[in-house]
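What follows is one structure encoded as structure tokens, with my remarks underneath.
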Amino acid sequence: MSRGRIAAAAAVVVGLVALLSAWLAPAPEAPAAGASAGGAPGPSLMAWPPPPGTARAAAATALPASGPGAPLSPLGEAERRAQRELWEARLERARATLDGYRTATQYPHESRPAAEHPDQLRPFDPIAEERSLRMPGGTATQGVKLLTTQERVFASGSESSLVTLALQDLQGRPLPLRVARAVIREVTPPGATASTAEFSPDVNDAGRAGDTRAGDGVLSVRMHPAAQGFGGFAGTVRLELQLEFRGQPGFLYFDLVYSPEVAAVWLPGVQEEASPAGIHFTVKALVRLPGRYVVSARIDDAQGEPVALALFNAEVGAGEQAFRLPVFGKLLRDSAPAMPLRVRDIEAFLLKPDTFPDRVMLPRRAGVQHTSGVHDIAGFSDAEWAGEEKTRYLTELGKDVAEAERQLQRLGP
């Protein structure tokens, strides 16, 4: 065979191989959903829905609108349905957030329903606990329970805190408890030296030093920092008790956060002013230390049912200052309390941020401090609270709802 024929035959074979390879090669795969043409990952459906408040930014990743009547491939239809489900969930969340915020802001921050703050309705009740009789790291003595109370955990100036303890069996019968050692000392950071001397308080069941009834099985001891050598100390003082019951030892401690400062002195009386907007109760004090004061009062109706928590939280200067404690008109309309109202248990402190102790307590104004006049509930406005902050939030939350609705309309049914 000539060289020309050999070359021609070889060319035919190469062409057939190339044709066969092209025919057998798989078709190129379409880019995965969410991948960009350049190979970089694009928006993924797994990232939906975007975080709250970003509905309008997330709309940029929605499917492009198809022309009227344009058929969708099975893959495109599945993506559209997935997008629609995600936007439906976003719309539901956006509406719930908007409705929840609107409901929560019917009343101003400083005048809230009492039901919202059940933990603040009895601020001056002693802290009562049931504990075990044990040493640190040890096992508890079986068949007994240790009942304790502490009058307060924050004190300022000449304030004190009464502590009681009683040992009982499981049926509530009193058991004899001996205090082997009692000491009050300051709590210092590790490695630091105490600036005050320890004090040994009188723990008794003899009807003295705060004990209300002699011989009832309830031991009492008073923590009184200003009178026990801690009058110049600001921080935590700790009462440590080593106990014993029929040869079984136990250890117990109570902490009191103390500030020697006197922030303000109350002036007598409570003033009252009623208008369609509600009732403002005003208490006054002679402020010695200017700063941010937080004041709260509990408002009950004539039957003693809690109605509202009235609050003051603002910066004040030195001198005579008035703290306004409002009860909002719509709150009165909605709760319809039996008149007259009663203002009780006024609690206040000077807030001292970025330091410890972080507050200086004012003396407690416990019990009913004022009884209001008898006001016609219908005379108060039922308008919701309005403010710049509320308007701004409602506007932004409304935009999220509108954006979700617009995207659903684009995606079709």
Side-chain angles (χ1 to χ4, degrees), residues 22-118 328-336 380-413:
W23 180 69
L24 292 176
E29 294 184 2
S36 66
S44 169
L45 290 179
M46 295 302 292
W48 285 78
T54 60
R56 299 181 294 286
T61 62
L63 291 176
S66 301
L72 292 174
S73 67
L75 180 58
E77 177 63 24
E79 289 180 345
R80 188 189 69 82
R81 286 199 304 268
Q83 291 271 2
R84 182 168 180 82
E85 289 176 2
L86 290 167
W87 276 110
E88 285 174 344
R90 175 167 291 282
L91 176 60
E92 182 179 357
R93 262 197 319 274
R95 285 175 173 168
T97 302
L98 177 61
D99 292 342
Y101 181 78
R102 183 181 289 117
T103 299
T105 55
Q106 295 180 85
Y107 319 123
H109 304 302
E110 62 270 16
S111 181
R112 305 304 303 175
E116 290 183 356
H117 301 280
F328 193 57
K330 181 172 173 55
L331 177 54
L332 291 169
R333 289 287 293 262
D334 292 346
S335 58
F380 297 108
S381 171
D382 63 356
E384 294 187 0
W385 171 67
E388 184 275 332
E389 175 187 304
K390 178 179 179 179
T391 300
R392 187 173 71 252
Y393 272 78
L394 289 176
T395 299
E396 291 303 312
L397 294 172
K399 288 178 182 178
D400 280 348
V401 172
E403 181 58 40
E405 291 174 339
R406 188 179 72 83
Q407 288 299 325
L408 287 173
Q409 187 175 11
R410 269 183 90 211
L411 292 165

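None of the values given here were measured: they were computed from a predicted structure. Below, all heavy atoms of this structure are taken into account, side chains as well, without hydrogens, waters or symmetry copies.
- Considering only residues two or more places apart in sequence or on other chains, E92 meets the salt bridge (charged side-chain N to carboxylate O under 4.0 Å, His left out) condition with none of them.
- Donor-acceptor pairing under 3.5 Å is recorded for the side chains of E403 and Q407.
- R84 contributes a side-chain N or O that, together with a main-chain N or O of L408, makes up a donor-acceptor pair within less than 3.5 Å.
- Residue pairs meeting the ring-ring contact (aromatic ring centres under 6.0 Å, His included) criterion with at least one partner in residues 383-409, sequence neighbours excluded, are Y101-Y393, H109-W385.
- Going from atom OG1 of T395 over to atom CG of L98 covers 10.0 Å, rounded to the nearest 0.5 Å.
- Under 4.0 Å is where a charged nitrogen must lie from a carboxylate oxygen, and between E388 and R392 at least one such pair does.
- Checking each of K390, E384, E389 against T105 for a side chain to side chain contact (heavy atoms under 4.5 Å, CB included) leaves exactly one that passes, namely K390.
- Taking the side chain as every heavy atom from C-beta outward, R102 and L394 approach each other to under 4.5 Å.
- Salt-bridge check for R81 with E85: failed, with every basic side-chain N at 4.0 Å or more from each acidic carboxylate O.
- The distance from the CD atom of Q83 to the CG atom of L411 is 6.5 Å, given to the nearest 0.5 Å.
- Between V401 and L397 the shortest side-chain heavy-atom distance does not fall below 4.5 Å.
- Taking all atoms of both residues into account, the shortest heavy-atom contact from A104 to R112 is O-NH2, 2.9 Å.
- Between the K330 side chain and the Q106 main chain, no donor and acceptor come within less than 3.5 Å of each other.
- Counting heavy atoms from C-beta on, the side chains of R95 and E405 come closer than 4.5 Å.
- Shortest non-hydrogen contact noted between R333 and S381 is CG-O, 3.7 Å.
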